[in-house]
Amino acid sequence: MSMIYPTIETNETYLHQAERVKRQNQMKSFLKGMLFLLPSIILFSVFVFYPMFKTIYLSFFLTNAQGATTVFTGWDNYKALFVDPIFIKSVKNTFLFVFYTVPPTVIISLILAVIANEKLKGIGFFRTVFSSTMGVSVAAASVFWLYLFNPTMGLLNKVLETSGLDAIEWLTDPKWALIAVSATTIWMNIGFTFLILLGGLQSIDSSLYESADIEGSGYFYKLRRITIPMLSPTFFFVITVSIINTFQTFGQIDILTQGGPANGTNLIVYSIYREAFVNYQFGAASAQAVVLFILILLMTALQFKLVERKVHYQ
Amino acid sequence: MSQIELINISKSYDKQKDVLNSINLSIEEGEFFVLVGPSGSGKSTLLRMIAGLEEISGGFLKINGQTMNHLPPKDRNLSMVFQNYALYPHLTVQENILFGLKGRKIDKKEQQRRLNEAAEMLGIQELLKRKPRELSGGQRQRVALGRTVVSHAPLCLMDEPLSNLDAKLRAHMRVEIRRLQKRLGLTMIYVTHDQVEAMTMGDRIMVLNDGQIQQVGEPITLYNEPVNLFVASFIGSPKINVGNAVFSENGKYLIVENQLHIPVDPSVFCHIPRDRNLKVGIRSEHLMPGISKKENLHYLEAVNIEQLGNETSIAFELGSELWTAKWPGQWKIDLGQKVSVQIMPEFLLFFDADSGNLIKSAELGKSQGAVSV
Ligand SMILES: Nc1ncnc2c1ncn2[C@@H]1O[C@H](COP(=O)(O)OP(=O)(O)OP(=O)(O)O)[C@@H](O)[C@H]1O
Ligand SMILES: [Mg+2]
């Protein structure tokens, strides 16, 4: 008995000490970590978290024209949104817009990237051209397309006329306005998407293709069985980023159509802008912003859930 | 079956200096032909030209008598194993093996038959449903071989297929590849920079250096009668011992590295020119322990000793060179100890120091005969 007793005691004190040292170390590394994070925590707080919480806060109030809160209304702003035909239309428009924009952007960029990945003479020139829209600002691109869409002098209608078709009121015809804006957006997004996809293509090991060549595989067989599956992580990234971007489109709408005709191109972000800075309804605008945030969050989460498992990472 | 001829083949990338120079070579049907050489000597380039992955800048490539210069890889009826195996990471082992057959729309039943045959031959039946990243290096290697087997191509090209494996597995796969080649009757062109692989696997070896053929021949010929210093020091492990040599004024001794005085035996030295700069070489197994006989003993300082268990490798300092001896059994030698070493003149190889060409090789047959009597 007397032999065992002291052993237990020393053991316990030892464990106790070890525990204390461990906790001290944890504390130290936590503080160090915080120190490293401090700059980004400050930046994020000022420019992201503060505005975000402020928005959520505002969405429960009525405001005056200066944006100061007047009356607490609870969920009223939200309830009003879901019966507001204009907002509902803007949500529909936004989804339609994503649908018109993202798939064509990815498909066209893929085709361009596959072409630009071939070992041809002067391919560097085409790579530059294909990615050049990345360097064009939204404003410049929109003005450029504004000229193309001009109903009388625009190049598009000139082409239609010379081929014997009727001119189209691109930006004022409700049937065409959203498509016209989509076309502009596709053109603007191709540069970025192309560049990312080309990067993805070039990172595929060339010996995979060489091996396939030796085994006698055709061009499209290689495209279908090697290129597309090997590119799937890049696709996933590009599609996710494109969708988020498209949800947040603002500049080209403002310059090309101002949401018209008859709210035909009124997307959520534009609707938020109008609510806040034209109608001075900061509460309602904040509620819309929160809804948009939740929509994007859900879409992205859904994508991760559905697609990510199927994506092949090396 | 496949018989290959390279006629005056040369290669230059982007019109720069030639990477390969007038390569003339013919490889027999069913032969295991090894291309060996240091890094950057143009082995991969030559192999890729035969496969059709690289354009041929000059000369002709003939397979079975037909010129193949401008045929795409798929029409050359060959298979290739890449250094990184080139397995498709998103496909299962089975899909990987059948990739080419599917692409060529070969009958489903035939595909299955060949798959089973290959899987059984290589012992990978249990792995067919796995992805490459779930395999070990050796298993991946086997899958890559599986693609060769199912292709039924008579010619197989391999570019350093074992360089990613550890030493033990490498030794094992060497045997396996060799067996596979014999069993399928493949004509094999095998690239390696490992001279042990070259020696153990090849029916014939071609040593390449700086885009030029140094020597083509059977492994033992290359070992015993290397045409120049480069081949002599490239083939064999440990490296052959080399030293500068001159004849003494009175012509009675050959002095190696200003240190060794080897008595001139007229029967051995009769064809050696006296007026040229020489280099002599001697294989490490011919630096023998000087115990049994009294003649040709020299005392050299041991500067490093490696006990390998079954043999002992001893490094001696000789002028500016380090010479290595390999003695069977375990020898107890201290660092710095003067050890008596027997150097028989007939085991010496003589090279012209300026051109590096062989003047006279070791007289092995004679000495072995003498020992066995
Ligand atoms: N695509 C290329 N463009 C230009 N030069 C090249 C190219 N590929 C290889 N070379 C050059 O050709 C020479 C031979 O290269 P190669 O790959 O055939 O060497 P190797 O013998 O296979 O070497 P290693 O053992 O390192 O694989 C090298 O000098 C290399 O720099
Ligand atoms: Mg190589």
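In what follows, every chain begins at residue 1, and chains take the letters A, B, ... in the order their sequences are listed. Here the structure is a predicted model, which is why all the values come from computation and not from measurement.
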A:Y209, OH atom: more than 12 neighbouring heavy atoms under 6.0 Å: yes
CZ/A:F293: more than 12 non-hydrogen atoms of other groups inside 6.0 Å: no
B:R113, CZ atom: more than 12 neighbouring heavy atoms under 6.0 Å: yes
Residue B:L101 versus chain A: region with a heavy atom under 4.5 Å: neither
CD/B:E120: more than 12 non-hydrogen atoms of other groups inside 6.0 Å: no
Taking every non-hydrogen atom, the tightest pair across A:I214 and B:S79: CG2-CA, 4.0 Å
Over 12 foreign heavy atoms within 6.0 Å of NZ, A:K92: no
Neighbour count above 12 (heavy atom, 6.0 Å) for B:E55 CD: no
Set of ring-ring contact (aromatic ring centres under 6.0 Å, His included) partners for A:F192, sequence neighbours left out: none
Chain A contact via B:N84 - side chain, backbone, both or neither, heavy atoms under 4.5 Å: side chain
Within residues 50-86 of chain B or reaching into it, pairs that qualify as ring pair (Phe, Tyr, Trp, His ring centres under 6.0 Å) - sequence neighbours excluded: none
Within 6.0 Å of CD in A:E118, more than 12 heavy atoms from elsewhere: yes
Pairwise side-chain contact, A:L208 with B:P89, heavy-atom cut-off 4.5 Å (strictly under): yes
Residues from residues 139-150 of chain B approaching chain A under 4.5 Å (heavy atoms): B:R147
Heavy-atom neighbours of A:F99 CZ exceed 12 at 6.0 Å: no
Nearest-0.5 Å distance, CD of residue A:E210 to CZ of residue B:R48: 4.0 Å
Heavy-atom contact with chain A under 4.5 Å, split by part of B:L53: side chain
Any B:K102 side-chain heavy atom under 4.5 Å of A:S217 side chain: no
Over all atoms of both residues, closest heavy-atom pair of B:R104 and A:G216: CG-O, 3.7 Å
Under 4.5 Å from any heavy atom of chain A - which part of B:S151: neither
Contacts with chain B made by residues 219-227 of chain A (heavy-atom distance under 4.5 Å), listed by residue number: A:Y221, A:R225, A:I226
